[in-house]
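Quick notes on the structure that follows.
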Amino acid sequence: MNASSDGATAQLTRKDFVSDQEVRWCPGCGDYAILAQIQKTLPSLGVPKENLVVISGIGCSSRFPYYVDTYGFHSIHGRAMTLASGLKCVNKDLSVWVITGDGDGLSIGGNHFLHTLRRNFDLNVVLFNNRIYGLTKGQASPTSEQGKVTKSTPMGAIDHPINPVRAAIAAEATWVGRALDNDTKHLPSMIETMAHHKGISFLEVFQNCNIFNNGAFLHFSDRKIRSEKMIYLQPGQPMLFGENRDKGIVLDGLKPRVATVGEGGVSLDDVLVYDASDPSLAYLVSSLDYPDFPVPVGVFLDIERETYEDLLEDQVEKAESKRGDMSLQDLVRGTNTWTVG
Amino acid sequence: MNASSDGATAQLTRKDFVSDQEVRWCPGCGDYAILAQIQKTLPSLGVPKENLVVISGIGCSSRFPYYVDTYGFHSIHGRAMTLASGLKCVNKDLSVWVITGDGDGLSIGGNHFLHTLRRNFDLNVVLFNNRIYGLTKGQASPTSEQGKVTKSTPMGAIDHPINPVRAAIAAEATWVGRALDNDTKHLPSMIETMAHHKGISFLEVFQNCNIFNNGAFLHFSDRKIRSEKMIYLQPGQPMLFGENRDKGIVLDGLKPRVATVGEGGVSLDDVLVYDASDPSLAYLVSSLDYPDFPVPVGVFLDIERETYEDLLEDQVEKAESKRGDMSLQDLVRGTNTWTVG
Amino acid sequence: MAQRDVQELKSVTIRFAGDSGDGMQLTGNRFTDTAALIGNDVATFPDYPAEIRAPAGSLPGVSGFQVQFSSRDIYTPGDAPDVLVAMNPAALQRNLKELVPGGALFVNEDAFTKSNLKLAGYEENPLEDGSLTDYRLFKVPMSTITLETVKPLGMGKKEGERCKNFFALGLLYFVYDRPLEPTMEWIEGKFGKSPDLVEANTAALKAGYNYGDTIEAFQTAYKVDKAQLAPGTYRSMNGNLATAYGMIVAAQKAGRPLFYGSYPITPASDILHELSRQRGFGVKTFQAEDEIAAMGSTIGAAFGGAIAVTGTSGPGVALKSEAIGLAIMAELPMVIVNVQRGGPSTGLPTKTEQADLFQAVLGRNGEAPLPVLASRSPDDCFDVAIEAVRMAVKYRTPVIMLSDGYIANGAEPWLVPDLDTIEPIEMDFLTREGLGDEPHLPYKRDEQTLARNWAIPGEPGLEHRVGGLEKDYLTGNVSYDPENHERMIQVRAEKVQRVAQDYGPLQVQGPDSGPLLILGWGSSYGAITSAGEFMREDGIPVANLSIRHLFPFHRELEATMRRYDKVLVPELNCGQLSHLLRAEYLIEVESLTKVRGLPFKVVEIIEKSKQLLSTEKAV
Amino acid sequence: MAQRDVQELKSVTIRFAGDSGDGMQLTGNRFTDTAALIGNDVATFPDYPAEIRAPAGSLPGVSGFQVQFSSRDIYTPGDAPDVLVAMNPAALQRNLKELVPGGALFVNEDAFTKSNLKLAGYEENPLEDGSLTDYRLFKVPMSTITLETVKPLGMGKKEGERCKNFFALGLLYFVYDRPLEPTMEWIEGKFGKSPDLVEANTAALKAGYNYGDTIEAFQTAYKVDKAQLAPGTYRSMNGNLATAYGMIVAAQKAGRPLFYGSYPITPASDILHELSRQRGFGVKTFQAEDEIAAMGSTIGAAFGGAIAVTGTSGPGVALKSEAIGLAIMAELPMVIVNVQRGGPSTGLPTKTEQADLFQAVLGRNGEAPLPVLASRSPDDCFDVAIEAVRMAVKYRTPVIMLSDGYIANGAEPWLVPDLDTIEPIEMDFLTREGLGDEPHLPYKRDEQTLARNWAIPGEPGLEHRVGGLEKDYLTGNVSYDPENHERMIQVRAEKVQRVAQDYGPLQVQGPDSGPLLILGWGSSYGAITSAGEFMREDGIPVANLSIRHLFPFHRELEATMRRYDKVLVPELNCGQLSHLLRAEYLIEVESLTKVRGLPFKVVEIIEKSKQLLSTEKAV
Ligand SMILES: Cc1ncc(C[n+]2csc(CCOP(=O)(O)OP(=O)(O)O)c2C)c(N)n1
Ligand SMILES: Cc1ncc(C[n+]2csc(CCOP(=O)(O)OP(=O)(O)O)c2C)c(N)n1
Ligand code: SF4
Ligand code: SF4
Ligand SMILES: [Mg+2]
Ligand SMILES: [Mg+2]
């Protein structure tokens, strides 16, 4: 995001971002937690409320804009990124948040995902991944596991699933992260970090749909086992995890494996130090998954590249100065005229 | 592809695959060479002509099916993969070839690209990448370089381009390759190899559009410098290139660099041995590009995974045997009936 | 059971309303099945909120289910409920205004807590403040009694309360003198794996029944006799299930696999769900990444010779429209089902509307005609599905089948057809042998149907290419020839016109000519038919007609319309069929429109008809 | 220059035809500019193959350019050429049948080689076999002379031959007595950087002229006098350029940046190309990944308060149609340009047609009306573009502007407007201060226009949410209320109807009433207008009218139509406007349709008119 801060906004609080619309998700839905964390974090960004825009597609998650007291657009299924792109082209000073789901963003919206990311618009994209279609009541999504039984796959899904983080890295995004809906410390820190990244930031949030896919992430996110089954990526830090932070990821060539520090001759120095500026490493690490590996969350990728809207604005400025005092009348008249009468 | 060979097809020749339609590309277009190589290779696949289907979208490249004497479908812009998927669902014995362009396959067709690849339909996808829109006369495509001046980008393209091979790897394709239109030995070998891969095979072909983007690849593909500027990936072989095959790719951690064997203490053993079964390596190698690196062609990825149509057929078979002698009348009647009169 | 007065009623309409979590759809469905089982004609209308779960007790969270059961043929779930079951204040607030004056009102007294009242926007408790004196109010402590009932079975409060819908159901069974057994069997089947739940729900059901029996208030039993239905075996059927079954049967009749490529969307998703379950009958479903891919895959499957079907709702048809043009150009058979919902844009996605008719008939670039059929009732979906496939195959054309949210989810008794009586569907693939010595001309046509030759991949010797560019009249090769283009446009149009040669007769109900014809399409059939019957019973000589074929029209439609002084066209849109009729026949029609996300009421059509008839006289 | 007879002609139509590589478009354009410069009225029709480059010498590779120049006002590029320039046998084969009997035929004799003849399907050389005796045939060894001319300048054969189009041009200049200077200047400007080319092309041009002067055959000079055009400064203008300029001017008049989100497609791409070049005027173009993204980005830009425009052709509109529904629901101003081409599906992508009218007016799901305008000629595109933006902004609605391939690429002289005379466009953004103490109601409407309140992001205190679900009548919050839905559907429809209050008067040419009105829309304007003028000159009292507003219609349209005994509606489709008129007014119209990828000829309209008038008399 790209926000000018001013004094007036310093006093904003969470409440300023709560709209007058009743929140209508199922009780217990992970969406509540994400909403709360975002509302909590927005005041700290220093962006005036009127410069914040939330744009979504269609899905349970996409009802999000109604609940945040900023400018908002609940568009159509899969197209939120396209609206956001157009808006950024014409007003690059806005802080624009795109809220999407695994179906909205990766199934019907997959093409816009790919192209919006590669263009590096300065947008904050949050994808609520519940690995199911919530709003339409329980069909498989592109992130549903193979074999998953859903309303549309009663004998089990046969599609090989998409890993959103991987897809984002390959789409040449400049900031890619992942978090968990009820990770009350980590999630807001991700939101804040992404907000401060200039260029596209893409955050996948594992979100529990307690109605149609309850406990989809519990096998690693359950608070009791979380520290053993998840790993928090920290740029510049060794990739450690475990109750006692004594387990680490070690690379044999390009093959990652889990090792315990101090066992089998593995020392802290052997543990891979995470580098969020290397897309190849990010891609490799995005392949780590349950059950063989702890599931990584945190910042996968954080690189710099000029934003689309800045490059566009540059061209406009260059062309304007090149135009000099040629008027629009001059343009319309052209150079090849003749006169009658 | 998945083809049953029989005696009758053994006698097929290139001519059998030349249709009666006049070829209408610009003289000198790289499409001719690709057509010729494919027509030359098809007879050797052992697939009866009637089991071959060529499906394309819209673009210069997509006129391809007209010129091949098989079943063919010249569909609409960007959607060839969707037709191919439906066709494969209902007849898995066909050998289906999808011909697409950089605009057709990656711009408007980007979503189908992503999903068709991850599903691993047994299709052979050939993407003619000329880094331009040919048929519509010269606009930027998603593979056009940043800064490129085209009809739609008179001040230079500002979009960060897509690398099709990278995108295919990230889309979880099981076979990914790259070749050059006028590489008369390598291109047919790629076509043959992809045809024999069961599951999705995706081949990017660098194709010269001599009208709107002439010489787009010459900086590395010119025959005079080719051996220095390109590297042919060979699974299980060290990544060597150069006139004297004395240059190689060496990995420092995850950072590739070019080294000369025998210089600076680099021996042949230090040269990276290519492994087409490792997506992380494929992804890393897909980042090699001119001018810092030789441009890789050949097989990037070659892994096995069950095809969508086989999994679908399995479910049908399982369900059919589970159904036993329940008739359709039984289904329609249901279990909850009542009788009147 | 205590002795009671029995009052005979012709028909009764009950609306069950409660929170989304209260199980009203289930309750309504059980009541419906029981009524059907004992021989009533029934029709239902489920009406649930767009949100998956709105907050408990809130107004948007109210879910309703209306059922009419009758001793005569009925065609609608009833205009207004005679009985309202309100499980909480929000349900009362949302539904009360529709209850007929003097109607019976059963409320779950326990749910009228302060906080629930506030959520529903009540300042005062309506059960106390005398505002309900126009109704026969029965305040029943449903939660309390249910809890008491199940507590001995070891059920907790939360789970126990969940059984209260069975209590309400039992109570209504008592009032309308219906047996408990079918529901008890159903509970057994449904919850068999958890004996606890079987026991608790059955106990609640009985408790409700017994409560009715015990309390003085219900001395009169209301009885609705069996209806005079055609003899045979019946089952309950909703539109989406009937559509799915129709497609499977059509495919079997064609001897080809059924392919269904679709992307989920309300209210069409259930067709996908049902077909996904029928792999055992060779059905191949493909959940595509979007509607464009769904359409593309359907074209691919059609090219491969399968019975190719796709289904969606209006926004999905918009996305498919470019590819539908390709299907028209390729002249391949397939069916596009549109289960319409409230628009425009996302509109009212869980509500019903008939506003995609223009889109179906005229919503494509270029001259792109195709046949459009509409089903008028849940069971009609079965027949229309089969007719659509048959037409598509015979004429090699995509066909649009319109359904809507109202019939998709509404259920009615269905006389189970004998599948053997359904004619086979001839695929008529071209083979090299069949062609003899003739050259293969992929666009050569059958003289009678104008269907083009059709060879599918795998057939030796008939390799050929199709596509979206204009094709030569015979070879199908690309042709830019101006005359050929015009000729092809004409022949495609003429082919579509010819599907009308297979239509059955137009079935007007009522007098053959006269002052008024009520002409409808799709799901307004029910209200129109009832309106016609009621008026004729009152001696008003109106006729009514529901047309299945929206494009091209039936060849006798114009003559039929002209036999009446006036034609009234009721539609759940702003007059789309009226527009098409005017353009086609230059005939003045009266349009009765409604765009409220709700079906017509019978009375709305009667009123408008009477008004037209009286101005008629005044002239 | 030798003394010659001079013959005065009112107008001449020349068609230049050759291989795609022969530079015929360039030649035609030069001739046109020169004619315009000396005061003729001109109209042109470029016609090139769909393929980028078909094989040299082949029939599909033929490229043509027709120009009519005249001493009177003309509206079409001429029905049939009086003069045909054929640079090779294929060009002759493809175009000869249209040359008027007795017409002049200039051929490049050198190109009539065996292989070229074969490619063109000639068994015999038509220049030799006497088959051209109906024409005034001039066999000119163009290649040879050109090569001879440029050889001394050191040009090779391949490059030298490329100059032969300038030779042909010079020859035609001689015959029609036109100056060489404008072309020489143009060559200088174009090839200035390569003096070789300047010299060679100029030499070829002069050689052609001199050839005419030398050879006995051309004793007569044909002269076409200046036309009586309104005084002012003129330039040549085609439809796509005029559309692009109109949008830039509109944005400037609104004081807002212009955003153009588009995906390339023939024949609309040139709008994108032109606008991409105008960043200097604050134009932001966005080449989206597909048409859906183009539409979405346009909605986003409109939401942000820019002048938001998207452009495409029919297949692209199909893809955009779902998102157009969203724009209607969000009630944001934007313009969707459809440069129509031959359909259905990919159809005849480089040919013209008017068959997307149904799609524009009726092609969306749900009740989704929006205003539809059509431009009738290249210069009219400028005015329509501005009117479309003005209307969109004033009424907060997406507007569709229809153009077509014929006017998109056709050029005509354009009286350059004084931009100061164009009224500003008021954006009318809501501000917190402007609102005073009133609460912010995002869907509150202006009483006169029914436009809703419009606050754009960045405005403090007016944060609000919009979207595709049905909205509350005032707050714009999501509303499932049935009455509200109906009310919103009605108010959106009424708002669109109200745009008609701003239409200028209907401009009928010819008598105010009478036996026949020729009523058209879009690019058939040219042929209709000429047909009307010609017939009136012959004393036939027909009137003609071209309507810009396809939805809603002009309020006086019905009354106007009813003043004539018959109404003839010529369209390049199967009768789409006829259908809409019939449905709206229940009025019988005569439809004249043509779907050949080609514009109407004046004579086709005259013939049909005369036929109608004679049956008129017979009655
Ligand atoms: C064009 C179109 N197709 C389909 C739909 C139906 N639809 C609405 S939301 C949705 C999927 C929702 O899944 P997801 O994006 O994962 O969001 P969630 O509800 O799980 O948060 C679908 C298929 C639609 N609204 N529009
Ligand atoms: C829906 C739609 N949008 C746009 C077009 C116009 N169009 C045809 S081909 C093409 C791009 C061609 O580029 P590419 O796929 O790279 O193929 P190439 O011509 O370069 O081989 C475009 C934009 C179309 N036919 N249909
Ligand atoms: S259906 Fe699932 S995702 Fe949607 S609101 Fe309910 S719990 Fe949340
Ligand atoms: S435009 Fe380019 S890609 Fe197309 S046929 Fe010509 S050379 Fe080939
Ligand atoms: Mg989801
Ligand atoms: Mg290309």
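First the proteins, then the strands, lettered A, B, ... as listed; each starts at 1. Quick caveat: nothing in here was measured; it's all calculated off a predicted structure.
Relative orientation of the Trp338(B) and Tyr234(C) rings is parallel, given thresholds of 30° and 60° on the angle between their planes.
Taking Gly467(C), Gly282(C), Ala36(C) one by one and counting their heavy-atom pairs under 4.5 Å with chain B, the maximum is reached by Ala36(C). With chain B as the partner, the residue from Ala244(C), Gly39(C), Ala242(C), Ser236(C) showing the most heavy-atom pairs under 4.5 Å is Ser236(C). Of the residues considered (Pro417(C), Ala294(C), Gly305(C)), Pro417(C) shows the highest number of contacts with chain B, using heavy-atom pairs under 4.5 Å. Put simply, of Ala306(C), Gly468(C), Pro460(C), the one with the most heavy-atom pairs under 4.5 Å next to chain B is Pro460(C). In terms of heavy-atom pairs under 4.5 Å with chain C, the best-connected choice from Ser19(B), Ala80(B), Ser85(B), Ser75(B) is Ser75(B). Of the residues considered (Glu185(C), Arg277(C), Glu463(C), Lys284(C)), Glu463(C) shows the highest number of contacts with chain B, using heavy-atom pairs under 4.5 Å. Note: Phe303(C) leads Phe382(C), Trp186(C), Phe303(C), Trp414(C) in heavy-atom pairs under 4.5 Å with chain B. Interface check for chain C: of the options Thr339(B), Leu328(B), Val316(B), the most heavy-atom pairs under 4.5 Å are formed by Leu328(B).
When heavy atoms are compared at a cutoff of 4.5 Å, Asn91(B) approaches chain C solely by way of its side chain, counted from C-beta outward. Contacts of Gln21(B) with chain C are made by side-chain atoms alone, with heavy-atom separations under 4.5 Å and no backbone atom involved. If you measure heavy-atom distances from Ile55(B) to chain C, you find no contacts under 4.5 Å at all. Ser327(B) touches chain C through its backbone: at least one of N, CA, C or O sits under 4.5 Å from a heavy atom, while the side chain does not. For Arg333(B), the parts sitting under 4.5 Å from any heavy atom of chain C are the backbone and the side chain alike. Contacts of Thr233(C) with chain B are made by both backbone and side-chain atoms, with heavy-atom separations under 4.5 Å. Gln252(C) touches chain B through its side chain: at least one heavy atom from C-beta onward sits under 4.5 Å away, while N, CA, C and O do not. Residue Asp290(C) touches chain B through its side chain alone, counting heavy-atom pairs closer than 4.5 Å. Only the side chain of Leu332(C) comes within contact range of chain B, with heavy atoms under 4.5 Å apart. With a 4.5 Å cut-off on non-hydrogen atoms, Ala323(C) touches chain B through its backbone and its side chain both. For Val249(C), the parts lying near chain B are the backbone and the side chain together; criterion is any non-hydrogen pair under 4.5 Å. With a 4.5 Å cut-off on non-hydrogen atoms, Val53(B) touches chain C through its side chain but not through its backbone. There is no contact between Val54(B) and chain C, counting heavy-atom distances below 4.5 Å.
The backbone N or O of Gly458(C) sits nowhere less than 3.5 Å from a side-chain atom of Tyr71(B) that would complete a donor-acceptor pair. For Arg279(C) (side chain) and Ala319(B) (main-chain N/O), no donor-acceptor pair under 3.5 Å exists by modelled atom type. In this structure a side-chain-to-backbone donor-acceptor pair under 3.5 Å is missing from Glu50(B) to Ile456(C).
The NE2 atom of His464(C) sits 11.5 Å away from the CG atom of Asp69(B) when rounded to the nearest 0.5 Å. Atoms CZ and CG, on Phe259(C) and Leu312(B) in that order, are 8.5 Å from each other to the nearest 0.5 Å. Distance CD1/Ile299(C) to CZ/Arg79(B): 11.0 Å, rounded to 0.5 Å. With rounding to the nearest 0.5 Å, the separation of CG in Leu331(B) from CD1 in Ile248(C) is 5.5 Å. The NE2 atom of His77(B) sits 9.0 Å away from atom CD of Glu322(C), with the distance rounded to the nearest 0.5 Å.
Across all their heavy atoms, Gly280(C) and Arg323(B) have their closest contact at O-NE, 2.7 Å. Between Leu94(B) and Pro457(C), the shortest heavy-atom contact is CD1-CB, 3.8 Å.
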Does the side chain to side chain contact (heavy atoms under 4.5 Å, CB included) test come out yes or no for Val332(B) and Arg235(C), once each step is laid out? CA-CA 9 Å; Val332(B) 167; Arg235(C) 66 171 288 181; 5.7 Å; no
Candidate pair Gln329(B) and Asp420(C), rule side chain to side chain contact (heavy atoms under 4.5 Å, CB included), full reasoning: CA-CA 9 Å; Gln329(B) 182 74 61; Asp420(C) 289 341; 5.7 Å; no
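The closest side-chain heavy-atom distance from Arg63(B) to Leu469(C) is below 4.5 Å. Between Lys226(C) and Val340(B), every side-chain heavy-atom pair lies at or beyond the 4.5 Å cut-off. Between Arg465(C) and Val68(B) the shortest side-chain heavy-atom distance does not fall below 4.5 Å. Residues Leu326(C) and Phe73(B) are in side-chain contact: their nearest non-hydrogen atoms beyond the backbone lie under 4.5 Å apart.
In Glu320(B), the CD atom is crowded: over 12 heavy atoms of neighbouring residues, nucleotides or ligands sit closer than 6.0 Å.
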